[in-house]
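Worth saying up front: this structure is predicted, and the values here are computed from it rather than measured. A, B, ... follow the sequence lines: proteins, then strands. Residue 1 opens every chain.
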Protein chains: 2
Amino acid sequence: MSLKHAILTLLETEESSGYDLLKQFQSRLGYFWNASHQQIYAQLKSMHSEQLIDFHVEAQANKPDKKVYTLTQAGRDALSEWVQQPLKLGKVNDALLVKLYAGHLADKDQLLEEMTNYRDNHQRMLNTFLAIEEEYKNSSAKEKKNLALPYLTLRRGIIGEQACLDWADEVIDFLHS
Amino acid sequence: MSLKHAILTLLETEESSGYDLLKQFQSRLGYFWNASHQQIYAQLKSMHSEQLIDFHVEAQANKPDKKVYTLTQAGRDALSEWVQQPLKLGKVNDALLVKLYAGHLADKDQLLEEMTNYRDNHQRMLNTFLAIEEEYKNSSAKEKKNLALPYLTLRRGIIGEQACLDWADEVIDFLHS
DNA sequence: TGTGCCATGTAATGCGTTACATGATTGG
DNA sequence: CCAATCATGTAACGCATTACATGGCACA
């Protein structure tokens, strides 16, 4: 049950609405967590009933009202307790690899298209991450210090995406031969 | 719903019991799919009721009987149809990155232990994969040709694990500084 | 007038985890 | 004698996906 902790982590940095959290997951945090709006709203509701978070409604000009959530003390405590606990290894479930494994049942062009599509998607992600890295590198020494840990998670994204591209190139080469 | 297709893929290569499938996921296929025995047995049951697979009971000396499953024609068809369909991008949910992001709430030693543990696990995986790669490289030309696609999925494992190690080293360096 | 963004939700179904349950055989 | 491996399952619960639902504002 870690969507809960991902949300606590984001709220610890800044108060946000469900919609804000969604946007964060979709953009710069896409590397480490993904969740649908339905999941997020449901989770916020249940966290509120557990009193880990609180909210106030904020009216906006020309936009719908939003519920802005903040951590309670109990939420802060739950988060630091969780950070202290050891994790177990995450599991890998990669449908693309299943498909490749069974690739003799598809035709080469089909697989090639799948692979180039995969490559393009990861190239796009990598570009996004590299742009964020540039921003980080151009920030002040003080900011760099504050953002050191988030920066390391970004590095995971960059290194991981680069690995995806390297592998995709190997596969594409093979399929072309 | 892809555990189903992962199982079809394995059965397409060779008939297996639920237990055999579990072992395959745990060992050499660990990189691309993981599933618990409960999940596997439940899935086999439901696939059998959909008539994608068939089984016969095999008695063994000094071991419990086992149910050996094989693909039906419908199963074969379902698999090739699935291989033909485009996939959507898999989602990333990495609790370790959430933890690092919120790492200012933990103490350095705690994080270091978590990271070295992570590093060790991935080193172990990498070693396993490299050993399998050696086997592949020493096999006959004919076998190499047959195993070309599974070999590419293994490459994904090797490249991915290497990326984990590189990243872990960056993080560990940072935490030591 | 239609597309897309902002902003929030409910309901049904499907997938995964945890806990519980059994029982023989092999090797140290 | 104890632990591990082989081999199979049920039941309860929690997490994720898909489909359905609403409604205003901005921009072309």
Over how many whole Å does the gap from [X] atom [atom1] to [N] atom [atom2] extend?
X: A/N93; N: C/dG16; atom1: CG; atom2: P; result: 7 Å
X: B/K63; N: C/dA24; atom1: NZ; atom2: C1'; result: 12 Å
X: A/H56; N: C/dT8; atom1: NE2; atom2: P; result: 12 Å
X: B/K66; N: C/dG23; atom1: NZ; atom2: P; result: 22 Å
X: A/Q60; N: C/dT8; atom1: CD; atom2: C1'; result: 13 Å
X: B/Y19; N: D/dG9; atom1: OH; atom2: P; result: 14 Å
X: B/D65; N: D/dG9; atom1: CG; atom2: P; result: 11 Å
X: A/M47; N: D/dC15; atom1: CE; atom2: P; result: 12 Å

(request) Would you mind reading off the bend of the helix from C/dT1-D/dA28 to C/dG28-D/dC1 from its two end axes, five pairs each, to 10 degrees? (result) 40°
(request) Looking only at side-chain atoms of A/S36, point me to the closest of D/dT17, D/dT8, D/dA7. (result) D/dT17
(message) Does anything in residues 65-95 of chain A form a ring-ring contact (aromatic ring centres under 6.0 Å, His included)? List the pairs, not counting sequence neighbours.
(response) A/H5-A/W82, A/F55-A/Y69
Short side-chain N/O contact to [N] OP1/OP2 from [X], under 4.0 Å:
X: B/K88; N: D/dT17; value: no
X: B/Q38; N: C/dG16; value: no
X: B/K45; N: D/dT10; value: yes
X: B/K23; N: D/dA7; value: no
X: A/K67; N: C/dG9; value: yes

(message) Looking at A/K108, I want to see if its NZ is surrounded by more than 12 non-hydrogen atoms of other residues, nucleotides or ligands under 6.0 Å.
(response) yes
(request) Quick one: pull up CZ in A/R124 and CZ in A/R119 and give me the separation to the nearest 0.5 Å. (result) 11.5 Å
(message) With a 4.5 Å cut-off on side-chain heavy-atom distances among I, L, V, M, F, W and Y, is there a chain of contacts connecting A/L105 to B/L147?
(response) yes
(request) Give a yes or no on whether a salt bridge exists between A/K66 and A/D20, defined as a side-chain N under 4.0 angstrom from a carboxylate O. (result) yes
(message) On DNA chain D, compare the nucleotides closest to B/A42 and A/Q39; which residue's is nearer the 5' end?
(response) B/A42
(request) Could you tell me whether the side chains of B/Y136 and B/E143 share a donor-acceptor contact shorter than 3.5 Å? (result) no
